[in-house]
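Only one structure is covered here, and it is reproduced in the block below.
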Protein chains: 2
Amino acid sequence: MRLLIIEDEKKVADFIARGLRAERFAVDVARDGMAGWEMVSAVNYDLVVLDLMLPGISGTEILRRLRCRGGNAAILVLTARDATNDKVENFEAGADDYLTKPFAFAELLVRVKALLRRPPPTRNHVLRVADLELDRLTQQVRRAGKRIELTAKEYSLLEYLAAHPGRVLSRTMIIEHVWDESFEGLTNIVDVYVRHLRVKVDEGHSKKLLRTVRGVGYCLSEEEAT
Amino acid sequence: MRLLIIEDEKKVADFIARGLRAERFAVDVARDGMAGWEMVSAVNYDLVVLDLMLPGISGTEILRRLRCRGGNAAILVLTARDATNDKVENFEAGADDYLTKPFAFAELLVRVKALLRRPPPTRNHVLRVADLELDRLTQQVRRAGKRIELTAKEYSLLEYLAAHPGRVLSRTMIIEHVWDESFEGLTNIVDVYVRHLRVKVDEGHSKKLLRTVRGVGYCLSEEEAT
DNA sequence: CCCATCATTAAAAAATACTGAAAGTCAGAT
DNA sequence: ATCTGACTTTCAGTATTTTTTAATGATGGG
């Protein structure tokens, strides 16, 4: 999940960014309206956290443009406490939710999660493939009930594979999903990470879940390879 | 003091929130049962103002869950005038006080203050994780029966971690709860205090309770990492 | 047997966490 | 009011882990 924060106060931006990153979101920060607008145009974000009080292009202007461009990013607006009059306006202009400053991070997090959960209501908390379980809420992984520690990237990759069990995913697809959009041409990073996962997930189990499909990519499946 | 209002009527919620903020409480608002439950799970509130008539999860359900989870938040329930029959039920379910709508703000304030002033009743003073015990009444901490001296901040941090055993808490969350300032930019103060705790709590014990989850935060847990 | 493809390993680069000490704060005692 | 000592916070250097690159060895289909 890709998020953009458009906020000029460094403290606030850092604080939010750090918290959201800890929740394993990919977070970018823009420090003013112009930069924000450019980034929004360049990348397909899932959600934008937008401060309305900005130097350069005003937040309201960005909001309007975003909606008229018809992107599919959810928009969470930050307003000053007493700007209550603007609220109605903002909702009309296309904000999906708003929060008045100052706010507790937990409050922001709840709203962000609510907005991101919105489109696919089928998003299950627990993915299961054979005796492998991933909990998307707590990001915990277990195999045969035993806890497995994964790094951020490892988890990300495994989640992607587990979300499409039995399906063969190409390296290109994987890179686009797990790593940022554009990754330099030739790299074997996917292979390396698949190996990491094999060591942590498959090693010591007779049933191997990670399967290589030559010339195509990788696949996480219950079926035993021949 | 951290308060949460769970109330779907915007007018009422705003009204109460504003009034309580003027009294210098840190107030969060949840607009439906689901959001409320998530926030309660995420944050250790001192008091929850809970409307019983909610969309999503019903207020009664939240009440039940809260108590069964055994948080230490006081709960002030708002009910409709004529729902007198429910009152007894609610008290049994664990409400600490109730108020019938409509009510005067002053009335609410009196009850809130009374609840917050109350000496923590004989409910869950003791948090326990493995052989670590914290008594919230006396703020005493013991590991394997042996007394540990902690400073105010150290205790505060440990209590927060112990209140959510097994759960990974991000630095952002921790800063918000233990240091109530909202937006402190980048600081490693949490790291420093975790170290203090490690020296006092984990050092000399073979089973380490404080676990670092890289890129995310910290966790107090009985479970041994793999 | 050849060659493209994949696996494995090592090691550089980047990100993140730990550590110890200095500087700053605050409350109680003198 | 000033001092004192404990507590809190900041800072900077070190250590560790993760991520990425790259080089080498293995494998299998044609």
Side-chain angles (χ1 to χ4, degrees), chain A residues 11 14-15 17-29 139 141 148-158 160-161 168-172 174-175 177-180 182-203 208-219 225-226, chain B residues 139 141 148-158 160-161 168-172 174-181 183-203 208 210-219 225-226:
Chain A
K11 270 189 174 178
D14 285 351
F15 183 75
R18 183 189 223 181
L20 289 172
R21 288 202 182 105
E23 297 287 328
R24 316 247 192 173
F25 292 112
V27 182
D28 295 334
V29 175
Q139 314 240 2
V141 179
I148 297 175
E149 291 285 348
L150 297 181
T151 71
K153 281 278 184 293
E154 287 164 1
Y155 175 84
S156 202
L157 171 57
L158 185 60
Y160 182 48
L161 291 167
V168 182
L169 299 165
S170 73
R171 289 180 175 70
T172 313
I174 292 173
I175 283 186
H177 248 266
V178 178
W179 283 263
D180 296 359
S182 53
F183 205 82
E184 291 305 321
L186 291 167
T187 170
N188 68 339
I189 194 152
V190 176
D191 305 43
V192 171
Y193 269 84
V194 166
R195 168 157 168 76
H196 292 171
L197 286 182
R198 282 192 165 131
V199 169
K200 291 188 178 180
V201 174
D202 270 348
E203 208 165 83
K208 308 297 183 195
L209 302 177
L210 281 157
R211 195 152 55 85
T212 303
V213 180
R214 209 180 161 77
V216 189
Y218 297 96
C219 162
T226 42
Chain B
Q139 309 226 326
V141 179
I148 296 175
E149 292 288 347
L150 297 181
T151 70
K153 280 279 184 292
E154 287 165 359
Y155 175 82
S156 195
L157 171 58
L158 185 61
Y160 182 46
L161 290 167
V168 182
L169 300 165
S170 73
R171 290 178 175 72
T172 307
I174 292 173
I175 284 186
E176 266 200 0
H177 288 268
V178 178
W179 290 260
D180 21 291
E181 318 131 28
F183 305 131
E184 211 39 65
L186 291 172
T187 167
N188 72 338
I189 189 139
V190 176
D191 306 43
V192 171
Y193 268 83
V194 166
R195 172 164 160 71
H196 292 170
L197 286 182
R198 282 193 165 131
V199 169
K200 293 187 177 179
V201 173
D202 268 349
E203 208 164 83
K208 309 296 184 197
L210 282 158
R211 194 155 55 87
T212 303
V213 179
R214 187 162 241 265
V216 185
Y218 296 96
C219 164
T226 36

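Order of the sequence lines sets the chain letters (A, B, ...), proteins ahead of strands, with each chain counted from 1.
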For nucleotides 28-30 of chain D, list the nitrogen or oxygen atoms of the protein found under 3.5 Å from its nitrogen or oxygen atoms, one pair per line.
none

Scan nucleotides 9-11 of chain C against the protein and return all N/O pairs shorter than 3.5 Å with their distances rounded to 0.1 Å.
{"residue": "C/dT9", "atom": "OP2", "partner": "A/Arg195", "partner atom": "NH2", "Å": "2.3"}

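Listed candidates were C/dA17, C/dC6, D/dT19. Nearest to the side chain of B/Thr212 is C/dA17. With distances taken from any side-chain atom of B/Thr151 to the nucleotides C/dC6, D/dC7, D/dT20, the minimum falls on D/dC7.
Look at CG on B/Leu186: it is 11 Å from P on D/dT10, rounded to the nearest Å. Between the CZ atom of B/Arg211 and the C1' atom of C/dC18 there is a distance of 18 Å, given to the nearest Å. Put simply, CG on A/Leu210 is 14 Å from C1' on C/dC6, counting in whole angstrom units. We find that CD1 of B/Ile175 is positioned 11 Å from C1' of D/dT9, with the value rounded to whole Å. Taking atom CZ on B/Arg171 and atom C1' on C/dC18, their separation rounds to 10 Å, with Å as the unit. Distance B/Ile174 CD1 to C/dA17 P: 11 Å, rounded to the nearest Å. As rounded to whole Å, 18 Å separates atom C1' of C/dA17 from atom OH of B/Tyr193. Remark: P of D/dT19 and OH of A/Tyr155 are 14 Å apart, rounded to the nearest angstrom.
Scanning for ring pair (Phe, Tyr, Trp, His ring centres under 6.0 Å) contacts around B/Tyr193 gives B/Trp179, B/His196, with sequence neighbours left out.
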Discussion item. Walk me through whether A/Leu150 and A/Leu197 qualify under side chain to side chain contact (heavy atoms under 4.5 Å, CB included).
Written reply: CA-CA 8 Å; A/Leu150 297 181; A/Leu197 286 182; 4.1 Å; yes
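Within the 3.5 Å criterion, the main-chain N or O of B/Glu149 finds a donor-acceptor partner in the side chain of B/Lys200. With hydrogens and angles disregarded, no donor-acceptor distance shorter than 3.5 Å links the side chain of B/Asp202 to the backbone of B/Lys208.
The distance from the CG atom of B/Leu210 to the CD atom of B/Glu203 is 12.0 Å, given to the nearest 0.5 Å. Here CG of B/Leu161 is found 8.0 Å from SG of B/Cys219. Values are rounded to the nearest 0.5 Å.
Residues A/Asp191 and A/Arg171 are in side-chain contact: their nearest non-hydrogen atoms beyond the backbone lie under 4.5 Å apart. Residues A/Thr212 and A/Arg198 have side chains in contact (heavy-atom distance under 4.5 Å, counting atoms from C-beta outward).
Side-chain contact annotation: A/Arg21 with B/Thr172, donor-acceptor N/O pair under 3.5 Å absent.
Dashed line: the shortest gap from a side-chain N or O of B/Trp179 to OP1 or OP2 of D/dT9 is under 4.0 Å.
Annotation: of the two residues near DNA chain C, B/Tyr218 and A/Asp191, the 5′-most nearest-nucleotide partner is A/Asp191.
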